[in-house]
Amino acid sequence: MIAANKPNKIARYGMSIDLDRCTGCGACMVACAVENNVPPAHEGATARKGITWIRVFKVDNGEEGPARRSVFVPVLCQQCGEDTPCVHVCPQQAVEVDPATGIVGQMPERCLGCRYCMAACPYHARFFNWWDPQWPAGMEKTLNPDVAPRMRGVVEKCNFCHGRWHAAKERAAAAGKSEIEAGAYVPACVESCPTGAIRFGDLKDAASEPAVAAKDAHSFRLLEKLGTEPKIYYHSKRDWVRQVAAAPKPPNGKENARG
Amino acid sequence: MPFLAGALAALGAGWVGFPHAIYKSRPQPVDFSHKVHAEKAGTKCEDCHAFREDGTFAGIPSLSTCAACHAAPMGTTAAEKNFIDAYVTPNREPDWASYAQQPENVFFSHITHVKLGQLKCEQCHGDQGASDKLRPYQVDRISGYSRDIWGRTLFQSKAAGAVPGMKMDDCVDCHRKQGLSHSCLDCHK
Amino acid sequence: MQRTRRDILLFMGGGAAGAMLTPAPWRLVTDAAIWSENWPGIPRPARGEITARYTNCALCPAGCAVRARCVAGQPVSLAGVAGNPLSQGALCAFGLTGHQLPYHPQRLKQGTPEEAAAAVRGAMAKCGAGESVAVLDLAPGRAASWTYRRAMAAVANGVYLAPPPPLGGAAVNLAKARTVLSLGAPLLDGWGTPGNVHAARANFRLIQAEPWESRTAALADEWLPIRPGSEAALALALKDPKTAPSAAQATGLTEKQILDLANELTANGPALVLSADDLPEALALNHALGAWGQTLVARPEVPVPDAWKKAAPERVVASVPDNSIRVLFIDESVPGSHIPWGAIEKKLVRDNPVVVAFAWTLEGYGRHAQFTLPTAVYPELTSDIPPAIDSPAATFRISVSLVAPPAGMADPSAFIAKAAGIDAGNALQERADAIHKSGRGTLFTYADGKSTPLKDIKPDAFWKSLNEGATWLGGAEEPLTRRRGDAEEIPGELPSEAPRLRVSASDTFPLLVAFTTPTPATLSSPLMSKLYQDSDLRMAPNTAALHPDTARASGITGASRAVLETQYGRCAIGVIPDESVPPGMLEVAAGPEILDICGAFTRAKVVAA
Amino acid sequence: MLPWNYGFHWTAGTMIFMGAFYTVVVIVASTLVNAALRSRRALRTRQAERIRWAEDFHDLPARDRQCRHVLTGEFGYRECPNAFDCRQCETHAKLVASAAPDRISEPEEDIFGMAFPLDRVYHRGHTWVHSEPDGTVTVGLDDLGRRLLGEPDRVDLPQPGGRVSVNGTAWHAHKRNADVRILSPVDGEIVATGGPDAPWYLRIRPDRMDFRNLLGGHEIRPWVMREMERLQLALSAEGAAPTLADGGVPVQDIAAVYPQADWDAVCGEMFLEA
Amino acid sequence: MDREFITRGVKRCSGGKFLLWILPWVAMLIFGLYSAGLCLVKGLNQTNMDNRFAFGLWIFLDLTVIALGAGAFFTGFLLYILKMKELRAVINSAVVIGVVCYSGAMCALAVDVGQPLRFWFTFWYPNVHSMLTEVTFCITCYLTVLMIEYLPIVLKNRKLRDVPEFLVFEHELHKLIYVLAGVGTFLSFFHQGSLGGLYGVLRGRPFAFREGLAIWPSTFFLFILSAAAVGPSFVLLTTWLVEKISKKRLVRPEAMQMLGRISGLLLAVYVLLKTIDTLVWINRTSPGNGFPAAQYYAWHPFGTWILFTEIALLGMVPALILLTPKLRARTGWLVSAAAMACCGVALNRFVQTVQTLAVPTLSFDKFMTYTPSWQEVGTFLAVLAYGVLVYSFSFRYFQLFPDERELKLEVAQVEEEPALVGRY
């Protein structure tokens, strides 16, 4: 969707998430909401109507009793690099892959709210504003000025904290540089993760943590076979955990009411 | 014949009446002359419209900047007296309206354009700095956006010599000419 | 000229055609679309200069260092302070949203301080022999706590009450531990200082003995699923292998597992044993394993001015005779351990006790108190934070006020001091001066991330630094000395037949309660709804999960409402059937109501609503 | 959408897509404009009446569109290709040329008691044309038409000076719920108007004395027989009891006999109006 | 009182009776408009859709209704382009059905989007790679075309026809109708296909994803074919229903049978291709994306029965019935088969829209169910009531079945035959 670019440095921002470190504390989810002005849940919101750009799922190995083991899997927009499913379905160019960063951007101001992109996303990483955003009286004072609140009726999703990218760009410009230095820009979830399970960097920079993680034998991406080349790498030394990347298993008849 | 009359009436209303009706206008709180200040206070825009240390743009100067000189009346004009009485003495920030205020969803970095892009202030803001009077601030009644960024007439922004507009199209035009990237989230937030 | 209908139609048609050639309709259409970007109800974030300010989180005893990103002075987001020796740049989900608490819809805004003062005066005058005036301090160890203790010392019959200190007041040195056995302690989920725990995590092997797969169990190196309530038996058996067979029976583990574990704890030391309920058996086991002085240390006291030393002793609620407290002040302005109201209530005199709660929300004790005086809440308040449980060193740091508290907020220490007739003074600064006078330790300042020996700092600069975000770290730990209550609380020998606590289920309250929410504060930021309402990451407050069989036995079908009952009372909760919760257990997400009826060692029952 | 629009890309996909879109828009718009222009021209050239008749004729059931020469038995089956305007019909011209001239034995045909004078020619919409000595013609309703309408509730006659055209509207007659447009048998200018009580409805100065489109002589009887059949059909379709078929004579006011019949439908059928 | 608006010679029930007929529909429409209004004013939180079920009842409705409305373009195509004269008897009715279906779908879509005020963005900033863009453009254009095709039917109303301008314009427009029929066919071809492509291109939804030709997945072609197959069936079904409700003969049996035959033929081809497509998908496409196809049908209540019902029970069976002349000649069989075909396509659209979203993609996802809220159902009913009302009014005031008058006379003639024979 974008025309020519200056020979700016082309980045491919990506993430690595170490599932062996994630405690499921939810700090990333909360930090994300704070950073991106996502309102608290409307009273009618449920886990299926909520807005959680990053959402931590509790996944178990399907065993019963003491054999049951769980892992926490943070899922955010996987920033697909090829055949990005949501981009070419949007009827009005409200979704695009920024060629300079590889970030899949969603423009709430352009969005019609048709939700076709949500149907297209295999990761369910897109969220619809079912309600107008509402903060308790006074709490709007704590909104982040770098991110515009979205209105009801549009889709939104993780954009690697684009406000922070803007800020980093501006800081670089103030220093007279046109490029962001490695580490000068990290999304809020990365910064907030108390265990450092989430790492962020430029996949083109071989020294960056995600790039290193991408080459690790214990790394995997979700639904890799779809061929969408997601840029979020998960990592776990546990074999069964790596199975979460695969397609769902048919139900065993018992449903957990949670998670 | 009635058809023509109807068409003419609509044309008149649409071209003359409507542009007036769509904007709400309010005067600036203080009778301020850029020209006078440029002569007496500072020659460069940055003298008052300064950058902060971290590179962000402070925009319209706060009262403290004004009060640095205007602690006491510097002239005898009514406007001066009014300014001192209404704002400086009670230490109340004037409710300036920014003509160039971009919508909430726009990210604009002054320092990037000034420092990296080497743009002159006039390139976007026109000769505001040489004006003797502040024109009233006009705002679109429905969209709530300043007329300066949303409501130049169709032809004005493209006409030679006119102040470049501050609509998205104008930004994109320039970026395109410079061969700069312009993905949506480059400028939107 | 005669006007026909046809003419009018033509006129209108011409008007429509003409209008299409003007900007009006197009402008209206585009304006309407733009209006949808900022229609009423969508707030506009304030703009202004962006600065960083520093404070310490007062939402739990960890007191993590906080960098607040402020826009025109208003904090808009919080983050940890990288390089802080204890919190290591980490904040938990609660802490990350602390800056929103002042705007909580359930924030208490008004109180009646004069009436409360008058009632207190009256009651204190009426206070007879055997009756007492008491302060319940949920977060002891602060400068304000010292004020309370001084006040209570000044009042005849004054009593200073605090929750029992965990681990008998000892501090944990996780950095030294090679093996950690956690008997249900939520080590990775809200225990201690998150940053410190996660930093140390790489160096020790974590064995979690817990009936259900808690978050800690899920991430432990080894999870030993034991039967609910058998932690004490396990601890006993680990200390005394003779009891292994009975412990095996109680826990459901094999004898070999227990013996292997015991061997591992000794072989791969230093070891540390933690327990959710602060079991005496766990303390005894630590003792036996030689953890004292290694992984469990006595933290040096944070200096106080000498003038304060004449203070009332710290007592636990249980030690006060029933029906003896005539005036009770409860300071819950800073969250701390929660004591069930039922336990407090029976200590009050029968006729017209006066209870004054200092709280920022009515969701805590305020619901039971005659007077609830609104207080500032983090990050409005200014208060020091006592050292965290996992800080082997003495620390002093201040939760700095980042937002001006609204008018009409009560200052609990000033109120209580005035009631007791003493001068509260500027306790915080006085204490800072006392620390400075001691000349020990270093000061870690947040903005520059530097550590400076205290002796290189002037008193004023020290005070200034503390108010701009800094931590004073005392020197190395002192050698362990037995302190208050140690002798009573660490059992040397326990009756061999008796895991003293709850191995068999009682008939009245058959279910064991396990809390899933770390730091059960009465209220948290509305944004926490991300974790329990917008996603299923955690259970919503006042909800419980239990095994479907347990639910069926309690007459509950499917996800529904139910009533939770403990020895302290009952309240309505939501229940969710979940097979991952073992039978006989109740996994509870605490909310104000549940906190009110649950103590630290809770058995409960659930009945259909 | 447009090249100067933000987000427009000169890619093959865009060009194909937008090209197809604009083509469709152009085709649809030009079709509309074309239809409008044609309508304007038709209105200017006063073709509304011709078009109305063309459509009405087109909407008639096939068996009612039959050529007059089928009525006389010259053809087994033939649909009129000229909307009953035989003046331009080559077949008709040929057949007339080859046929023997009418021998007029009686001054009028009496069919089921209805008088059809042979001194005039008849339109299939039940009007007749009678040449007057002054070069004008008078136009009136034939006996069946008269009886169908009986005593009309109202008759709307055009103003003298107006024009009528063949198969166009001559006047309107109202009877009960029926609003009938009586078709004009001739082209011409109205000179005077009469009415139900006068011997004729209109006096017209015809453009040409060309009445080849009208029925006369020996054609009248089979035509009227066929019309009676149609009447009967129409009546029975309306649920009226078929009394005519029994050999009865149409009464002066047929409508009065069938109070329950939808007279509008019957008249529409009989006066060739859709 | 409205007599003068009713086509001459056809019988319509009394005004009172008509009022009685439309009253429940009007009530339903008002309720539906209220529901839709709630969704527009308060937002889509009024629905039970959610982030997982981003599409719900409405999209299913749109897809189904547009498939059923395909009779308009296909009948037009057969009549005006392939010159199948018999279909003149139903073309007006087919056009009205088309108008109703398409405009109804558009209205439902306008409620379905989160920001209706931005409806024009799709036109102004189209992403030509999106199937939805194609759908939007084509449906809008085609609805315009349908409206223009509907115009002559309206203008031919007895009263309106008295205005010479209307009369002449109607006449001239009708002469050019073949152009519109051609354009309509082109547009319909694409948007029916794009509606199929809508889900077929979803790489992230292996249940719906299909390979195909160039940019078009196989569902693109299957949708065209199924819509063309079911369009005539729906026209047939509607005609039969109208005949039953109005107690009149409106269309000759030959026309009905012709519709049935065309429908059967296309349905047979469709079922064949659909079977091939399903086999390719099961053995190649889906496993290639890492999803063994069998697992989709392990989520109850969606089992393989749904596949069987869709293809065999509601596809092959009606096709065979419609292709058997003997069965086709019997109204009962003909109509039942047509109804089955319609249901089959509706089921296909249901599977495409609802099942696709219900089936999980991530391993820790759950199978989702979804029940529409009353506001959604209300809006659905509004579209239904709107359709019935528009059709009822059209049937009452416009000449939807040109043969009606003739058939009425024919009926009379058959009854009168003995008498006439005796006479002549």
Item to check | Worked check of side-chain contact (heavy atoms from CB on, under 4.5 Å) between D/Asn34 and E/Lys175 | outcome: CA-CA 11 Å; D/Asn34 193 356; E/Lys175 280 204 276 189; over 6 Å; no
Checklist entry - Do D/Val24 and E/Phe137 pass the side-chain contact (heavy atoms from CB on, under 4.5 Å) test, and can you show the C-alpha distance, the side-chain angles, and the key distance before you say yes or no? => result CA-CA 10 Å; D/Val24 166; E/Phe137 271 74; over 6 Å; no
Next on the checklist: Does D/Arg52 form a side-chain contact (heavy atoms from CB on, under 4.5 Å) with E/Asp162? I'd like the steps, not just the answer.
Outcome noted: CA-CA 9 Å; D/Arg52 188 191 301 278; E/Asp162 282 346; 3.8 Å; yes
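With D/Asp262 contributing its side chain and E/Lys11 its backbone, the two residues share no donor-acceptor pair below 3.5 Å. E/Arg8 places a side-chain N or O within donor-acceptor distance of the main-chain N or O of D/Asp179, the cut-off being under 3.5 Å.
Contact annotation for D/Asp64: neither backbone nor side-chain heavy atoms come within less than 4.5 Å of a heavy atom of chain E. Residue contact with chain D, scored on non-hydrogen atoms closer than 4.5 Å, involves the side chain of E/Leu187 exclusively. For chain D, the nearby parts of E/Pro164 are the backbone and the side chain; heavy atoms of each come within less than 4.5 Å. For chain D, the nearby parts of E/Leu176 are the backbone and the side chain; heavy atoms of each come within less than 4.5 Å.
Atom CD of E/Glu172 is separated from atom OG1 of D/Thr31 by 13.0 Å, given to the nearest 0.5 angstrom. Atom CZ of E/Phe186 and atom OG1 of D/Thr23 lie 7.5 Å apart (nearest 0.5 Å). Taking CZ from D/Phe21 and OG1 from E/Thr140, the interatomic distance works out to 8.0 Å, rounded to the nearest 0.5 Å. The distance from atom CD1 of E/Ile6 to atom CG of D/Asp264, rounded to the nearest 0.5 Å, is 10.0 Å. The distance from the CG atom of D/Leu32 to the CG atom of E/Leu173 is 6.5 Å, given to the nearest 0.5 Å.
A 4.5 Å side-chain heavy-atom check between D/Glu55 and E/His174 finds every atom pair outside the cut-off. Side-chain atoms of D/His9 and E/Val128, non-hydrogen and from C-beta on, never get closer than 4.5 Å to each other. Proximity of E/Pro126 to D/Met1: side-chain heavy atoms (C-beta onward) are separated by under 4.5 Å at one or more points.
Heavy-atom pairs under 4.5 Å with chain E peak, among D/Thr169, D/Val28, D/Leu43, at D/Leu43. Each of D/Ala178, D/Ala265, D/Ala54 has some count of heavy-atom pairs under 4.5 Å with chain E, and the biggest count is that of D/Ala265.
By the 4.0 Å N-to-carboxylate-O rule, E/Arg405 lies close enough to D/Glu269 to be salt-bridged with it.
For CZ of D/Arg40, the number of neighbouring non-hydrogen atoms (other residues, nucleotides, ligands) closer than 6.0 Å is 12 at most. Within 6.0 Å of atom CZ in E/Phe166, 12 or fewer heavy atoms from other residues, nucleotides or ligands are found, so the atom counts as exposed in its surroundings. Within a 6.0 Å radius of OH in E/Tyr150, other residues, nucleotides and ligands contribute more than 12 heavy atoms.
Of all the heavy atoms in D/Ala42 and E/Val168, the pair that sits closest is CB-CG1, 3.5 Å. Scanning both residues, E/Leu167 and D/Ala48, for their nearest heavy atoms gives CD2-O, 3.3 Å.
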